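Keep in mind that what you see is a predicted model, and the values were worked out from it rather than measured. Per chain, numbering begins at 1; letters A, B, ... match sequence-line order.
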Protein chains: 2
Amino acid sequence: MNAPVFDNRDCGTCPIRHRAVCARCEQDELEYLDTIKYYRSYEAGQPVVWSGDQIDFVATVVSGVAALTQTMEDGRTQMIGLLLPSDFLGRPGHEKAHFDVTAISDLTLCCFRRRPFEKLLASSPHVSQRLLEMTLDELDAAREWMLVLGRKTAREKIASLLAIIARRESRLRLEDSTDGCTFELPLTREAMADYLGLTLETVSRQISALKRAGVITLRGNRQVTVPDFARLIAESGDDADGGMLP
Amino acid sequence: MNAPVFDNRDCGTCPIRHRAVCARCEQDELEYLDTIKYYRSYEAGQPVVWSGDQIDFVATVVSGVAALTQTMEDGRTQMIGLLLPSDFLGRPGHEKAHFDVTAISDLTLCCFRRRPFEKLLASSPHVSQRLLEMTLDELDAAREWMLVLGRKTAREKIASLLAIIARRESRLRLEDSTDGCTFELPLTREAMADYLGLTLETVSRQISALKRAGVITLRGNRQVTVPDFARLIAESGDDADGGMLP
DNA sequence: GATCGGCCTTGATCCAGATCAACCGCGAAG
DNA sequence: CTTCGCGGTTGATCTGGATCAAGGCCGATC
């Protein structure tokens, strides 16, 4: 009960994690958070919430991958966000979910009961500030993605997605690997298509094309190796430096 | 100096506007905000900030329309957001702009110097909470738009855009006009194309098609009348009720 | 009132990606 | 070992929207 709640062993990815090391944190808030926290796991493929559901929690991803999607009546679906470990899920202040959330791999969430979490937000500027920061990051990412969806070719879309995944994966491991990184694709071809606004056939063809061109190497269907990262970036149509590294 | 800073006559659209009527507000914060606030106007077509610029302010739109856009080296551009009166512009915590901002019509901003604004954010949960709320709304809007960009046909895209503008315009005027609303398009065909991920020719053709089909009526190139709003929504491919009205 | 430059429309043609369809590889279930 | 089903690949064809091109409308300028 007196142990720090958000140390990295326990749940390294909570939005409020900096509080555990923040000199300004007050113990009573940590204890409060402890009382409203619980863990939840989902198997690959399981739905987490449906659009329109009443939601009584917010959460962060501890491990695994989740997809945020939107579906039209006729079945066309668009993935709207990919939640990797450390991403935040939920919408303080709203009763109902706006989007579907599905576990794409086995998934563990660190959940907070919504009402008490909102109470904490209202009273603690540190927490709402941290959440604001994360939300602004997500907004930037969503806007970057709008350029991908609206203006890029199929090949550029694939390259952009691979670059994003590679960057996120390798940042979680080591900063150094400038060249020659290898990672596991957490998505099926169909999920990639839903993310990119393409069909799965086009995704498959373009991945084959990138392989043929030597931009990537595949072991099996999922394990990707990028021998020359700059080459991949060039294929993605992005500015070499990624534009605006802060 | 003692007058409330954020009453509706003065600047009805500031992100912190609820503080003016919030019982919990403290006068010294209002006075503080007063000292960091200034107004700025732009003519239609003028750039407000370029991507990469050092930015020392955040702002809200008082009147007019601004566009957030992103451009690739080869000139392809995607509009990423449309800022109408009451929308927030800027990124507390970041030195540099990630996107271009352009005045699309004559534009007035209510600006706050960034550093002091950030200081206020850090000390006042009300302000950061209000901003968080606005950012979450923007994120939802961006995600809705990803479905439009990724999965809708040209015709559905146009109908979606018209529906959004109609809703925002008429909400600013009167809630009632369920049917038969008329509004002025704040965008050129080219700007619409940039927003929708289309070419201006396709925009023009689809608007003509909607006109021919009787879904809309035009007076001149810009003034649009929607005789039957439900019809427009049907064309947009959205669920009749818009999904998830809070 | 002639000319010019934005903004918009319309037509003809082209092509990237969708659609339809066949098939492969592989692990799980019988 | 066979079968089944899921995820993936590849080929053939179709098509919605891009591209290229020619004007039209209208307000501003000389």
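- When the side-chain nitrogen and oxygen atoms of A:Thr202 are compared with OP1 and OP2 of C:dA18, one or more of them lie within a distance under 4.0 Å.
- At the heavy-atom level, A:Gly45 lies nowhere under 4.0 Å from the strands shown.
- For the 3.5 Å distance criterion, the side chains of B:Lys152 and B:Ser160 qualify, holding a donor opposite an acceptor.
- A:Lys152 has its NZ atom 22 Å from the P atom of D:dG17, to the nearest Å.
- Judged by distance alone, the side chains of A:Thr182 and A:Thr225 do bring a donor and an acceptor atom under 3.5 Å apart.
- As judged by a 4.0 angstrom heavy-atom cut-off over every strand, B:Ile207 is placed among residues making no nucleic acid contact.
- Interface remark: the A:Arg212 side chain does not form any donor-acceptor pair with the D:dT9 base, using a distance-only criterion of under 3.5 Å.
- In terms of polar N and O atoms assigned as donor or acceptor, the side chain of A:Glu201 comes within less than 3.5 Å of the base of C:dC20 in a complementary pairing.
- Residue A:Arg151 contributes atom CZ, which lies 13 Å from atom P of D:dG17 at whole-angstrom precision.
- The CG-C1' distance, from B:Leu210 to C:dT9, rounds to 15 Å in whole Å.
- Counting to the nearest Å, the P atom of D:dC6 and the CG atom of A:Leu200 are 14 Å from each other.
- Distances shown here put a side-chain N or O of A:Arg222 below 4.0 Å from the OP1 or OP2 atom of D:dG8.
- At whole-Å resolution of the value, CZ in B:Arg219 and C1' in C:dC8 are 18 Å apart.
- A:Thr199 comes within contact range of at least one nucleobase, with a heavy-atom separation under 4.0 Å.
- Taking atom NZ on B:Lys211 and atom P on C:dC8, their separation rounds to 12 Å, with Å as the unit.
- Between C:dG6 and B:Asn221, no contact under 4.0 Å exists linking OP1 or OP2 to a side-chain N or O.
- Note on B:Ser204: a side-chain N or O is less than 4.0 Å away from OP1 or OP2 of C:dT9.
- Side-chain N/O atoms of A:Ser51 and A:Asp100 include no donor and acceptor closer than 3.5 Å.
- With rounding to whole Å, B:Ile104 atom CD1 is found 18 Å from C:dG6 atom P.
- Classification of B:Arg189 and B:Glu201 as a salt-bridged pair fails, no side-chain N sitting under 4.0 Å from a carboxylate O.
- Scanning atom types as modelled, one donor and one acceptor separated by under 3.5 angstrom connect the side chain of A:Arg205 and the base of D:dG11.
- Using a 4.0 Å heavy-atom criterion, one finds that B:Gly197 contacts the sugar-phosphate atoms exclusively.
- At a cut-off of 3.5 Å, with distance as the only test, a side-chain donor of B:Thr108 or B:Ser41 sits close to an acceptor on the other residue.
- Rounding to whole angstrom units, CD1 of residue B:Ile158 and P of C:dC8 are separated by 12 Å.
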